[in-house]
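Letters A, B, ... mirror the listed sequences (proteins, then strands); counts begin at 1.
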Amino acid sequence: MTEFVSIRDALIACDAEKLTDEVNKTISQGSSANAILNDGLIPAMDVIGERMESGEMFIPEVLMAAQLMAGAVETLRPHLAEGSHVSAGKVLLGTVKGDVHDIGKNLVFMMLESAGFEVKDVGVDVPADTFVSEVKSFQPDILALSALLTTTIPMLKTTIDALGTAGIRDSVKIMVGGAPVSQSFADQIGADGYGADAGSASRLAKKLMAEIRAN
Amino acid sequence: MIIIGELINASRKTIGAAIREKDAGIVRDTASQQAEHGASYIDVNAGIFLDDEPEYLSWLVENVQAVTDVPCAIDSPNPKAIEAALALHGGATPMINSISLESDRWENMLPIVAGTDLKVVALCMSDEGMPQTVDDRMRISDKLVNGLVQNNVRLENIFIDPLVQPLGVNKEFGMQFLDSIERITTQFAGIHTACGLSNISYGLPGRKHINRAFMTIAVTRGLDGAILNPLDKGMRAAIALGEALAGKDDFCMKYLKAFRAGLFEATA
């Protein structure tokens, strides 16, 4: 893993030029594209997530890093072995009905995708029924719900209850987030986890996947 | 600058607890402090209580009015809560915070403000979600203003909020807001604008520096209302600076007054 340290450092530093150079150099030296992705780029995004959580890095840096990572993945794509990429898990993501805020949700999307998750974003102002039908058709491991208003966080509970009524509550782990949401609120409405920001959301999703795989 | 004091909001821990425990002292002190520091309206918000919101919002209005003549900005999307609070409100005309072009919000709030002399904050938000561009904001503003005026709300009573979005998410968001303020102020002469401005710095460190600089610039572009903490000296200094630079401060009197009051010494 240490061989990709310069790639990892370039991404963490949001250094576009260095990242491009290092990725190209490493490919031409015969490293596997899958290894660059899994042991260089994804661990770098993990570090960025942690630093966002601890307040050392900030939203624009996370956005830039996600953009650089996407560019690096495009460079790697022709070299990635077909079908060899193992998804970290499937996540269905959206903002609940009555709420059109998408900034936090989009950050979570980027962090999860950068961490190797297959993510489907169903957008904002999403009715509980739509989440139910999307869970049935997409069959995610995790459902991630966002609500940013004190007036819309009750819709988190409504959505979770709707999954219960449809008999599919136990088919997914549910994580919730958004400014007025707290761990105690998440516990109260029967969610499986709460993330305070996009960095912790990514860490939480990995923890929930570990729980799923342990059972 | 028309300052709407933001501190009596149930989502702040001290106020939420005060409401729960019916501790009127904290609410009254917070109201009189904001009035003393130049608030033109005292915002009251009990949004976190949902079913109990009408009762709690009314309780807030009663306690604010017990200590100051400064009118309230009644902050809720719930028409029942607003009507209950309005029924108790006496003295100077209060403000309703807020209406928007979202269908539910529009239909709930319009009957409350139609044909009255109430002030109203109108958010540039529609069923299509958050506006993305200056043109989006102008289209929504146009519908809001025309809809309100046709329902006998005077232009002078409308405060358009073009919505501040975080600079850290998109480098254009600062200028989009500023351009919107200028176009709204120019197109609808006599209208007011207002905003909760601190969203500009969301996700960035050193937020107060961004907030203050943005306030100064926004005032020079025509912003004349803001929802903020009136006890924040640095922010009041930023407003005084903006008004002076915008040529709205005869003989720089307000700037000098702010300077002598020590507002520019606020470094904390």
Worksheet item: With E102(B), which residues qualify under salt bridge (Lys or Arg N to Asp or Glu O under 4.0 Å), at least two apart?
Response: none

Response to the item:
Honestly, the part of P205(B) sitting under 4.5 Å from a heavy atom of chain A is both

Worksheet entry | Passing option when R105(B) is tested against S100(B), S98(B), S126(B) for side-chain hydrogen bond (donor to acceptor under 3.5 Å, both in side chains) | S98(B)

Fill in: Backbone of V126(A) reached by a side-chain donor or acceptor of T130(A) within 3.5 Å
no

Response to the item:
Ordered numerically, the heavy-atom neighbours of chain B under 4.5 Å found in residues 50-75 of chain A are F58(A), I59(A), P60(A), L63(A)

Worksheet entry | Basic-acidic side-chain contact under 4.0 Å: D135(B), R139(B) | no

Worksheet entry | Residues of residues 160-173 of chain B near chain A, each having a heavy atom less than 4.5 Å away | P166(B), G168(B), V169(B)

Worksheet item: What residue among N9(B), N97(B), D75(B) forms side-chain contact (heavy atoms from CB on, under 4.5 Å) with I227(B)?
Response: N97(B)

Worksheet item: Does a side-chain N-to-carboxylate-O contact under 4.0 Å join R169(A) and D192(A)?
Response: yes

Worksheet, complete the sentence: Among residues 135-154 of chain A, those lying within the under-4.5 Å heavy-atom range of chain B are T150(A), T151(A), P154(A)

Discussion item. Students often mix this up, so state it plainly: with edges at 30° and 60°, are the rings of F49(B) and Y56(B) parallel, tilted or perpendicular?
Written reply: perpendicular

Item to complete: Before accepting this row, confirm whether a basic side-chain N of the pair D39(A)/R8(A) lies closer than 4.0 Å to the acidic partner's carboxylate O.
Response: no

Worksheet item: Is a salt bridge present between D179(B) and R221(B), judged by a nitrogen-to-oxygen distance below 4.0 Å?
Response: yes

Fill in: Salt bridge present between K90(A) and E134(A) (N-O < 4.0 angstrom)
no

Discussion item. To the closest 0.5 Å, what do you measure between CD1 (I74(B)) and CD (E83(B))?
Written reply: 10.5 Å

Worksheet item: When the aromatic ring centroids of F214(B) and F177(B) are compared, is their separation below 6.0 Å?
Response: yes

Discussion item. Regarding R212(B) and D232(B), does a basic nitrogen lie under 4.0 Å from an acidic carboxylate oxygen?
Written reply: yes

